[in-house]
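Below is one structure, written out as structure tokens, with a few remarks after it.
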2 protein chains.
Amino acid sequence: MDETRLRLLNAAGPIFAERGYRATTVREISQEAGTNLAAISYHFEDKEGFYVAAVKHAAQGCMDRVPLPQWDAETPAEEKLLSFVTTFLNRVAVDHDPAWHGQLLMREMVLPTRACAEFVRDYVRPMHGMLIGVLTELMPNSSEKERWLTALSIVGQCLHHRVGQAVMIELTGETAVAAFGVKKLAEHITSFSLAAIQQATKQRLTTKKPPTSGTTHRVDRPARKRGSR
Amino acid sequence: MDETRLRLLNAAGPIFAERGYRATTVREISQEAGTNLAAISYHFEDKEGFYVAAVKHAAQGCMDRVPLPQWDAETPAEEKLLSFVTTFLNRVAVDHDPAWHGQLLMREMVLPTRACAEFVRDYVRPMHGMLIGVLTELMPNSSEKERWLTALSIVGQCLHHRVGQAVMIELTGETAVAAFGVKKLAEHITSFSLAAIQQATKQRLTTKKPPTSGTTHRVDRPARKRGSR
DNA sequence: TTTGAATTCAAACACTTGTTTGAATTCTTC
DNA sequence: GAAGAATTCAAACAAGTGTTTGAATTCAAA
């Protein structure tokens, strides 16, 4: 029956997310799912195959729950960025149930397993492409590398609200998501990034060589050395 | 002998960092260290106590290798931020050996164990305090919450170069650290953040009360529609 | 209803895990 | 150098792991 498969997958998500792959036992999951122990080996090849399927199942559920935003041609790029960031935060950082989606995907990101390649293909790459598209609109005359760096800055800001959750609680007693809410957080990240983008664009237009004008910003530059291995 | 302790701790770091706590066996570590299996239970209480000691050992080594920057009173805040970011990146993101330091600490951050509290106290809190101090200089008249959000944005950008490493490689074939180098990356993050800070400061000075967003999905500052009209 | 395949189930298997044991060895102190 | 503590060592232990087995049950088509 296909129902057993589904029950197993649904039960697996939260447990894998909380305990991690190694610390989770197939007995625990089968018991939680109300199925027999051997059902996992029967319906999936083995524990690892089962884990991969569970990750894919979680990612799919996450994408269904928080779909990518859709824009018409007239939507200004700034608004696109805001909705993108909001979607991103909702997908990974937010604690409303099922909260384990983001948790599980973050695990996959930090210590990738066999599921990582598919995860990147189905989940990361579309979002990355969408962000690069928005940045291309926002940053006229920018190089590909500049857009890449900017994308990293934006993604890093969003992801940190999931990755740094435990440390945030230990450090300040609560998460920023709980303190500010997704909306406020998304607005901060968006305006923060837009300001940086706009200044960089202005600099690119006025002069070739950005001298980091404004306040005194002196960087000791120890000549040229090339030591990357 | 104290040497056995040290050999175990040094051997434990890379293995714990690569495989994670559960997937690492004490046999593997004792063999790598060239000690007897029972030495771990003898010198440390059990595997978990051993792991906590290994994390602390790694954090200490990391802090010794890349100490916090020290500034005199005349150092401009912008320069402080750059050196802070550089230090941060060097501590967590860089691949020069021993690269496992950052890896292990990131694991502790993502899935905290008993070592997390001490890790935050000895490692995270000093850096956080230092960053908040710099931001206080950079953001006159800012509220504590604004500084907190800004700190999160900066830390998120730095940490992403460790956290997102595996996905970055899967997505683009190489890490940004490898492609740009720490210096360039630190300069990007610093100028990116400085631009956002300066614009926010300017806004704070011009308008006493920032327009609180209503229910409409709009960016802080109403975006200009692109294109000719 | 009959038949054969698909699925479930309890039990057992083969293996790895962290930990303990008690003797052997080394180190420290007088 | 001898006594006693500290440390190392090979071996064994007990518990838990993923997986397999083969019979029992359910399901679906003739």
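Numbers restart at 1 for each chain; the letters A, B, ... are given by sequence-line order, proteins then strands. As the structure is a computational prediction, the values presented were derived from the model and not from experiment. Keep in mind that the numbers below use all heavy atoms, side chains included, and drop hydrogens, waters and symmetry copies.
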Report the distance from atom [atom1] of [X] to atom [atom2] of [N], rounded to the nearest whole Å.
X	N	atom1	atom2	value
B:F44	D:dT7	CZ	P	12 Å
B:E3	C:dC27	CD	P	11 Å
A:R7	C:dT8	CZ	C1'	11 Å
B:D2	D:dA6	CG	P	15 Å

Quick check on D:dA6: is either OP1 or OP2 less than 4.0 Å from any side-chain nitrogen or oxygen of B:H43? no
With rounding to the nearest 0.5 Å, note down the distance linking [atom1] in [X] to [atom2] in [Y].
X	Y	atom1	atom2	result
B:E118	B:E108	CD	CD	10.0 Å
B:L89	B:H188	CG	NE2	10.5 Å
A:H160	B:S153	NE2	OG	9.0 Å

Holding to ring-ring contact (aromatic ring centres under 6.0 Å, His included), I want the full list of residues that pass it with B:F44, two or more places apart in sequence or in another chain. B:F50
Axial cation check for B:Y123 ring with B:K56, 6.0 Å and 45° limits: no
Its contact letters, B for base, S for sugar-phosphate only and - for none at protein heavy atoms under 4.0 Å, make nucleotides 9-21 of chain D read BB-B----BBBBB
Using a 3.5 Å limit on both distances, find every run of at least three consecutive Watson-Crick or G-U pairs that involves DNA chain D. C:1-30 with D:1-30
Quick one: list whatever passes salt bridge (charged side-chain N to carboxylate O under 4.0 Å, His left out) with [X], sequence neighbours left out.
X	result
B:R19	B:E28
B:E137	B:K80
A:R22	none

